[in-house]
Q: 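The structure under discussion is supplied below as structure tokens; questions concerning it will follow.
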Amino acid sequence: MVKIVSRKSLGSAKVYDIGLAREHNFVLANGCIASNCFNKSHSTAYAYVTYQTAYLKANYPVEYMAALLSESSSNSDKVKNYIDTCQRMGIGVQPPDINRSQVDFTPVGQTILFGLSAVRNLGEGAIQSILTARAEAGGEFESLADLCERVDLRAANRRALETLIGCGAFDAIHSNRKQLLEDLELVLSWAQNRAKEREVGQTNLFDFAAGAAPETVNSGFKSAPSAPPVEDFSLPEKLQKERELLGFFISEHPLSHLNGARQVLSPVQVSDLANQPKRTLISMVVMLAGIKEIVTKKGKPMAFLQMEDATGSTEGVVFPDNYELIQKHLVPDARLIVWGKVETKEDKVQLIVEDAEAIETVQMVMVELTPEQVRSQANTLRNVLQGQAGKKNSPKIPVIGIVSGEGQREVIRFGQQYWVQNRQAAIAALQNARFNAREDYILPQTN
């Protein structure tokens with residue numbers, strides 16, 4: 001790369017884009033080199049393509065994002081980022097469907113149907129075998145056995161079928177993924193035997209039971225064997241399998257059911273991180289997707305965290321002093337509320353994590369109030385809470401007010417300026433001021 005040390009006008013001259021095979025480096029009259037010059041025609045072409053892209057995204061957002069996802073289907077990181085973009089644009093992305101999905105991502109109304117080409121362990125041969133069988137007279141598949149009987153099992157092999165089951169592609173047919181995986185061994189053996197019989201011109205006796213005509217033989221999958229009934233995977237197990245097979249969650253995000261906690265905690269989402277003021281303490285509800293521990297030159301441990309929520313992912317940095325305090329919470333797939341301050345380094349936004357706690361153990365201060373107390377003791381309540389705030393930008397325990405009276409009950413979330421530093425001390429101070437205060441968990445506790 002050539003460093004430009006000075007600039008000088010050489011007047012006007014005609015310039016032609018000669019399409020150099022290598023970099024656009026030009027030797028000027030004074031012997032200097034102008035590196036990577038773009039002439040007007042070249043710049044105009046780029047501007048026109050940019051305009052076209054912006055126009056399509058603005059006027060045909062579903063179709064545009066579907067095309068973008070299809071183009072990047074071999075790169076799971078890009079697919080995840082584009083799905084995050086779809087969510088921010090209000091475009092839903094449906095999970096893979098064995099009876100509806102095509103090779104590429106497909107616009108369906110205001111949503112996008114997941115493309116089979118983006119499913120790991122599913123080769124081109126398996127996809128074509130499935131689509132070909134689906135397009136033939138048999139139409140949509142009615143069961144796992146129906147599919148195994150009609151596709152080429154040399155292309156759509158066991159690994160491919162396990163992948164399709166694990167990522168939810170059979171959910172519309174049979175929602176119990178664990179049952180399908182238990183059935184797979186028996187069904188594959190049955191389907192392979194059926195294929196051998198057809199090759200030698202034999203027909204299973206049971207296909208003609210009760211006087212069935214030869215043309216009904218194709219419905220023989222209904223007699224396929226199945227394993228004893230089993231309970232389906234739990235939601236966390238399903239989502240974990242989806243991330244293994246797709247590189248991300250597609251049915252839903254493990255944090256999706258924490259919307260109630262979000263309303264109380266009012267955390268910042270990953271997609272909004274870049275817009276947060278610097279040096280101001282914020283909170284985020286995240287899941288730890290990755291943890292990298294290192295040792296500083298002084299021999300102290302610290303960590304880099306890969307944190308994500310339903311809107312995207314970001315990096316967190318835990319310096320030694322804070323790492324010692326929260327290390328016990330830093331385990332893979334942990335659901336945490338983290339407190340920290342935003343920092344931008346080399347155009348990269350990250351969170352300097354100062355504290356963290358498992359979302360299941362986060363507690364809040366509850367204050368029961370009567371309408372009369374709201375009218376007459378509001379200033380007293382404000383002074384007590386402000387007195388429990390502690391250091392500037394440090395309070396992290398939310399305070400919730402419940403106003404009850406005349407058959408009505410209203411929940412009030414106090415702003416973060418009224419959060420407290422020490423839960424027990426705050427409750428004691430409120431009770432001393434004759435307020436009915438107690439502690440409670442953000443999430444319902446199960447025995």
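Only heavy atoms go into these numbers, but all of them, side chains included; no hydrogens, no water, no symmetry mates. Counting from 1, the numbers follow the sequence of the chain as shown. What you are looking at is a predicted structure, and each value in this text was computed from that prediction instead of being measured.
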Q: When rounded to the nearest 0.5 angstrom, what distance separates CD1 in Ile352 from CG in Asn322?
A: 10.0 Å

Q: With no hydrogens and no angle check, is any side-chain donor or acceptor of Ser376 less than 3.5 Å from a backbone partner on Val374?
A: no

Q: Could you check whether any side-chain heavy atom of Asp309 comes within less than 4.5 Å of a side-chain heavy atom of Met287, counting everything from C-beta outward?
A: no

Q: Between Lys341 and Glu354, is there a side-chain N and carboxylate O pair less than 4.0 Å apart?
A: yes

Q: Whether the side chain of Asp146 engages the backbone of Glu142 through a donor-acceptor N/O pair (distance < 3.5 Å, no angle test) should be reported.
A: yes

Q: OG1/Thr163 to CG/Leu122 distance, rounded to the nearest 0.5 angstrom?
A: 7.0 Å

Q: Report the C-alpha distance between Glu357 and Thr361 in whole Å, list the side-chain angles of each, state the deciding distance to 0.1 Å, and finish with yes or no for side chain to side chain donor-acceptor pair (under 3.5 Å).
A: CA-CA 7 Å; Glu357 188 173 350; Thr361 63; 3.3 Å; yes

Q: Does either side chain, that of Asp183 or that of Gln179, offer a donor lying less than 3.5 Å from an acceptor on the other one?
A: yes

Q: Might you point out which heavy atoms bring Met307 and Leu288 nearest each other, and give the distance in Å?
A: CG-CD2, 3.8 Å

Q: Hey, could you give me the CG/OG1 distance between Leu68 and Thr85, rounded to the nearest 0.5 Å?
A: 8.0 Å

Q: Got a donor-acceptor contact below 3.5 angstrom from the Ser129 side chain to the Ala126 backbone?
A: no

Q: Within a radius of less than 6.0 Å around CD of Glu231, do more than 12 heavy atoms belonging to other residues, nucleotides or ligands occur?
A: no

Q: Do Tyr323 and Leu330 come within less than 4.5 Å of each other through their side chains, counting heavy atoms only?
A: yes

Q: Working to the nearest 0.5 Å, report the span between CE of Met89 and CG of Asp84.
A: 13.0 Å

Q: Any idea which heavy atoms bring Ala274 and Val349 closest together, and the distance?
A: CB-CG2, 3.9 Å

Q: Return the minimal non-hydrogen interatomic distance between Ala227 and Leu186, and the atom names on each side.
A: N-CD1, 3.7 Å

Q: I need the full list of ring-ring contact (aromatic ring centres under 6.0 Å, His included) pairs touching residues 55-107, with sequence neighbours left out, sorted by first then second residue.
A: Phe105-Phe114

Q: Hey, is the main chain of Ser234 close enough, under 3.5 Å, to the side chain of Glu237 for a donor-acceptor pair?
A: yes

Q: Do other residues, nucleotides or ligands put more than 12 heavy atoms under 6.0 Å from the CD atom of Glu71?
A: no

Q: Are there over 12 heavy-atom neighbours, none belonging to Gln386, within less than 6.0 Å of that residue's CD?
A: yes

Q: Does any part of the side chain of Leu188, heavy atoms only, come nearer than 4.5 Å to the side chain of Cys148, both counted from C-beta?
A: yes

Q: Has Arg177 got a side-chain atom pairing as donor or acceptor with Gly166's backbone, closer than 3.5 angstrom?
A: yes

Q: Apply salt bridge (Lys or Arg N to Asp or Glu O under 4.0 Å) to Asp232 and list each qualifying residue two or more places apart in sequence or on a separate chain.
A: Lys238

Q: Taking the side chain as every heavy atom from C-beta outward, state whether Asp355 and Val338 have any atom pair closer than 4.5 Å.
A: no

Q: Start with the C-alpha distance between Ser76 and Arg120, add both sets of side-chain angles, then the distance that settles side-chain contact (heavy atoms from CB on, under 4.5 Å), and finish with yes or no.
A: CA-CA 9 Å; Ser76 60; Arg120 292 176 179 174; 3.0 Å; yes

Q: Backbone N or O of Ala145 within a donor-acceptor pair of the Arg150 side chain at under 3.5 Å?
A: no

Q: Check whether any side-chain N or O of Trp419 sits under 3.5 Å from a backbone N or O of Phe414 as a donor-acceptor pair, and report yes or no.
A: yes

Q: Does the distance from a Lys or Arg side-chain N to an Asp or Glu carboxylate O, for Lys348 and Glu315, drop under 4.0 Å?
A: yes

Q: Give me each pair satisfying side chain to side chain donor-acceptor pair (under 3.5 Å) with a member in residues 90-99, each pair once, sequence neighbours excluded.
A: Gln94-Arg100, Gln94-Thr111

Q: Scan side-chain atoms only and decide if Gln388 and Tyr418 contain a donor-acceptor pair under the 3.5 Å cut-off.
A: no

Q: Looking only at non-hydrogen atoms, find the nearest pair between Val79 and Ser72 and report the distance.
A: CG2-O, 3.2 Å

Q: Using side-chain contact (heavy atoms from CB on, under 4.5 Å), reason through Ile112 and Val62 one step at a time and then give a plain yes or no.
A: CA-CA 7 Å; Ile112 298 173; Val62 178; 3.8 Å; yes

Q: So how far is it from Leu164 CG to Leu116 CG, rounded to the nearest 0.5 Å?
A: 7.0 Å

Q: Do Thr132 and Glu136 have side-chain N/O donor and acceptor atoms under 3.5 Å apart?
A: no

Q: In this structure, are over 12 heavy atoms from other groups packed under 6.0 Å from Lys345 atom NZ?
A: no

Q: Are Met302 and Ile294 close enough that some pair of their side-chain heavy atoms sits under 4.5 Å apart?
A: yes

Q: List for me each residue that meets side chain to side chain donor-acceptor pair (under 3.5 Å) alongside Asp152, sequence neighbours excluded, and say none if there are none.
A: Arg154

Q: Any donor-acceptor pair under 3.5 Å linking the side-chain atoms of Glu439 with those of Gln424?
A: yes

Q: Any idea which heavy atoms bring Thr314 and Met284 closest together, and the distance?
A: CG2-CE, 4.4 Å

Q: Which is it for Cys167 and Lys241 under the side-chain contact (heavy atoms from CB on, under 4.5 Å) test, yes or no, and what are the steps along the way?
A: CA-CA 7 Å; Cys167 70; Lys241 181 63 68 175; over 6 Å; no

Q: So with a 6.0 Å cut-off around CD of Glu324, is the heavy-atom count from everything else above 12?
A: no

Q: Quick one, Ile127 and Leu131 - any side-chain contact, counting heavy atoms below 4.5 Å?
A: yes

Q: If I compare all heavy atoms of Asp104 with all of Ser70, which pair ends up nearest, and what's the gap?
A: CB-OG, 3.2 Å

Q: What is the ring orientation for Tyr48 with Tyr51, classed by angle as parallel under 30°, tilted 30 to 60°, or perpendicular over 60°?
A: parallel

Q: Restricting to pairs with a member in residues 426-438, which pass salt bridge (charged side-chain N to carboxylate O under 4.0 Å, His left out), not counting sequence neighbours?
A: Glu368-Arg438, Arg438-Asp440

Q: Please answer whether the main-chain N or O of Val268 pairs with a side-chain N or O of Asp272 as donor and acceptor at a distance below 3.5 Å.
A: no

Q: How would you list, by chain and number, every residue that makes a salt bridge (Lys or Arg N to Asp or Glu O under 4.0 Å) with Lys178, sequence neighbours excluded?
A: none

Q: Roughly how far apart are Glu140 CD and Ile173 CD1, rounded to 0.5 Å?
A: 8.0 Å

Q: Given side chains that start at C-beta, do those of Trp339 and Val353 come closer than 4.5 Å, heavy atoms only?
A: no

Q: Does the side-chain contact (heavy atoms from CB on, under 4.5 Å) test come out yes or no for Val317 and Leu351, once each step is laid out?
A: CA-CA 6 Å; Val317 181; Leu351 186 72; over 6 Å; no

Q: Is it the case that the side chain of Gln306 and the backbone of Ser313 share a donor-acceptor pair, with hydrogens and angles ignored and the cut-off at 3.5 Å?
A: no

Q: Above 12 or not: heavy atoms from other molecules or residues under 6.0 Å from CZ of Arg159?
A: no

Q: Taking the side chain as every heavy atom from C-beta outward, state whether Glu360 and Arg335 have any pair of such atoms under 4.5 Å apart.
A: yes

